[in-house]
Structures are given as structure tokens and as C-alpha cells.
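Computed over heavy atoms, backbone and side chain alike; hydrogens, waters and symmetry mates excluded.
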Amino acid sequence: MAFTHTNSKGTSYYLHKMDVELKSTKKIQTIYFFAKEELTVSKNGKPVQALNDLPAGKQVKENTRTGLPFVSKK
């Protein structure tokens, strides 16, 4: 079961991670994001992993205007 966050508006979001290659340095970086459903691939066809727990040293915050959750450092 993926980690879920219910925002202040009552919508549930699932936590995912994806490795992306930075264009300028060609390094691989892991990004964390929320989606309304559990995904296995992104919109552009790259593999995505649903996470069961929040990564260590991270916390969930919410955009006060839109209600969209995001992951940030503690």
C-alpha cells in the first residue's frame, strides 16, 4: 500500500519517486511527487515507483493556495 496524504480539501494523493537525468550535468537525481492514483509509468513512459513510506529526513507540506502536497527536507 502506497503512502497517502489527504490534503485540507479532502483529496487523497499517493507518493511516488522517479529517477531523472539532469540535462546540464547528466547526473541522475531522484524526485518525489504526489499523484491522485498509484502509477507505474509516467506520462512520458518512464518507470515510476509508488513508495510505502516517506523517505527519511523528508516531510510533507501543502501549498496553501492549491492544496497540492509536496515533499521537502525537514
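- One hydrophobic cluster, built from ILVMFWY side chains closer than 4.5 Å, cannot hold both Leu51 and Val48; they sit in different ones.
- A pairwise comparison of heavy atoms in Phe3 and Leu54 identifies CD1-N, 4.0 Å as the closest pair.
- Note on residues 45-59: no pairs pass side-chain hydrogen bond (donor to acceptor under 3.5 Å, both in side chains), not counting sequence neighbours.
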Let me have the donor-acceptor pairs involving side chains of residues 7-18, under 3.5 Å, with sequence neighbours excluded, atom names and distances please.
unit_1, atom_1, unit_2, atom_2, d
Asn7, OD1, Lys9, N, 3.1
Asn7, OD1, Gly10, N, 3.0
Asn7, OD1, Thr11, N, 2.8
Asn7, ND2, Gly67, O, 2.9
Ser8, OG, Glu62, OE2, 2.7
Ser12, OG, Thr6, OG1, 3.2
His16, ND1, Tyr14, O, 3.0
His16, NE2, Leu39, N, 2.9

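- Residues Phe70 and Asn63 share a closest heavy-atom pair of CE2-N, 3.8 Å.
- Partners of Asn44 according to the side-chain hydrogen bond (donor to acceptor under 3.5 Å, both in side chains) rule, which considers only residues two or more places apart in sequence or in another chain, are Ser42.
- Annotation: side-chain hydrogen bond (donor to acceptor under 3.5 Å, both in side chains) contacts involving residues 27-41, sequence neighbours excluded, comprise Asp19-Thr30.
- The hydrophobic cluster analysis finds Met1 isolated: no Ile, Leu, Val, Met, Phe, Trp or Tyr side chain comes under 4.5 Å of it, directly or through other members.
- Take Thr4 and apply the side-chain hydrogen bond (donor to acceptor under 3.5 Å, both in side chains) test, not counting sequence neighbours, and it matches no residue.
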